[in-house]
Amino acid sequence: MQDEYRTVAQEGVHETEINRSRFLCALAPAATEEEAQRFIARVRKEHADATHNCYAYVIGADASVQKANDDGEPGGTAGVPMLQMLLRRDMRYVVAVVTRYYGGVKLGAGGLIRAYGGSVGEALDTLGTLTRRRFRLATVTVDHQRAGKLQNELRATGREVRDVRYGEAVTIGIGLPDADVDAFRAWLADATAGTAVLELGGEAYGTA
């Protein structure tokens, strides 16, 4: 599994003009291929009068799903450079649609590759990206007496408290980088005089 990946912070559109053609790059996070396809369909409907609506998306932390489409532009001049830009920037779980309104000046193959790839790069710079890191999910079980203080200390040391459940004891769900597990175990024993129980669960990604 990848230790970390980058994705877009939010959905948005960035517009640029090249030789009188308008290029609008719409970016969005997409958890699944279906989500990416829905976003593409929405943009295509919104810009049904455009000359081209080319797209690329990367799904999976390991980039296991990659798709690109030129939508009528010469083969390999639109979707592929868009996909390459996403991969070059280590982007995952993201979909990009570049809408082109032709302005009457032909760009040639090299110009198109630069325009489509560049539109995605500029949109990423403008809209912003965030890094998500792999975490080990873990639960800490502690008595009610110590729970409040422990939660405060967890947050103060920058630990991600994911959820808190109250029963006979208090169960606090946290996310830990794998490399921190041993150090955290020692810290927890010290902070709770050895009374807390740490259980490790599966893995997930969280915002760095």
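Since the structure is predicted, the reported quantities are computational estimates derived from the model, not experimental observations.
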Taking all heavy atoms of [X] and all of [Y], pick out the closest pair and write down the distance.
{"X": "A147", "Y": "I172", "answer": "O-CD1, 4.4 Å"}
{"X": "G117", "Y": "M85", "answer": "O-CE, 3.4 Å"}
{"X": "P74", "Y": "L112", "answer": "CD-CD1, 3.7 Å"}
{"X": "V8", "Y": "P29", "answer": "CG2-N, 3.3 Å"}

Next on the checklist: Test your reading of the model: is there a side-chain donor-acceptor pair from S21 to the backbone of G103, 3.5 Å cut-off?
Outcome noted: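 Side chain of S21 to backbone of G103: a pair is present.
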
Next on the checklist: Can a donor-acceptor pair be found, under 3.5 Å and without considering hydrogens, that links the side chain of R132 to the backbone of T7?
Outcome noted: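 Side chain of R132 to backbone of T7, a donor-acceptor pair under 3.5 Å: no, none is there.
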
Next on the checklist: Less than 6.0 angstrom separating the ring centers of Y5 and Y93, yes or no?
Outcome noted: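 They qualify: ring centres under 6.0 Å apart.
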
Next on the checklist: Does M91 form a side chain to side chain contact (heavy atoms under 4.5 Å, CB included) with V58? I'd like the steps, not just the answer.
Outcome noted: CA-CA 7 Å; M91 300 300 294; V58 182; 5.9 Å; no

Atom [atom1] in [X], atom [atom2] in [Y]: separation rounded to 0.5 Å?
{"X": "L137", "Y": "D163", "atom1": "CG", "atom2": "CG", "result": "9.5 Å"}
{"X": "D190", "Y": "E153", "atom1": "CG", "atom2": "CD", "result": "9.5 Å"}
{"X": "E35", "Y": "I40", "atom1": "CD", "atom2": "CD1", "result": "11.5 Å"}
{"X": "L87", "Y": "R92", "atom1": "CG", "atom2": "CZ", "result": "6.0 Å"}

Item to check | Single-linkage hydrophobic cluster, 4.5 Å side-chain cutoff, Y55 and I113 together | outcome: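 Different clusters.
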
Next on the checklist: Please tell me whether V98 and V80 are part of a single hydrophobic cluster in this structure, the criterion being side-chain heavy atoms less than 4.5 Å apart.
Outcome noted: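 Hydrophobic grouping puts V98 apart from V80.
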
Next on the checklist: Testing the 3.5 Å rule here: is there a donor-acceptor pair between the side chains of R6 and T129?
Outcome noted: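 There is such a pair between these side chains.
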
Item to check | Heavy-atom side-chain proximity of L154 to W187 below 4.5 angstrom | outcome: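 SC-SC contact between L154 and W187 confirmed.
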
Item to check | side chain to side chain contact (heavy atoms under 4.5 Å, CB included) between E46 and V97, worked out | outcome: CA-CA 12 Å; E46 197 180 319; V97 183; over 6 Å; no

Checklist entry - What residue among H47, R22, E15, H52 forms side-chain hydrogen bond (donor to acceptor under 3.5 Å, both in side chains) with Y101? => result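 Among H47, R22, E15, H52, the one that satisfies the side-chain hydrogen bond (donor to acceptor under 3.5 Å, both in side chains) with Y101 is H47.
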
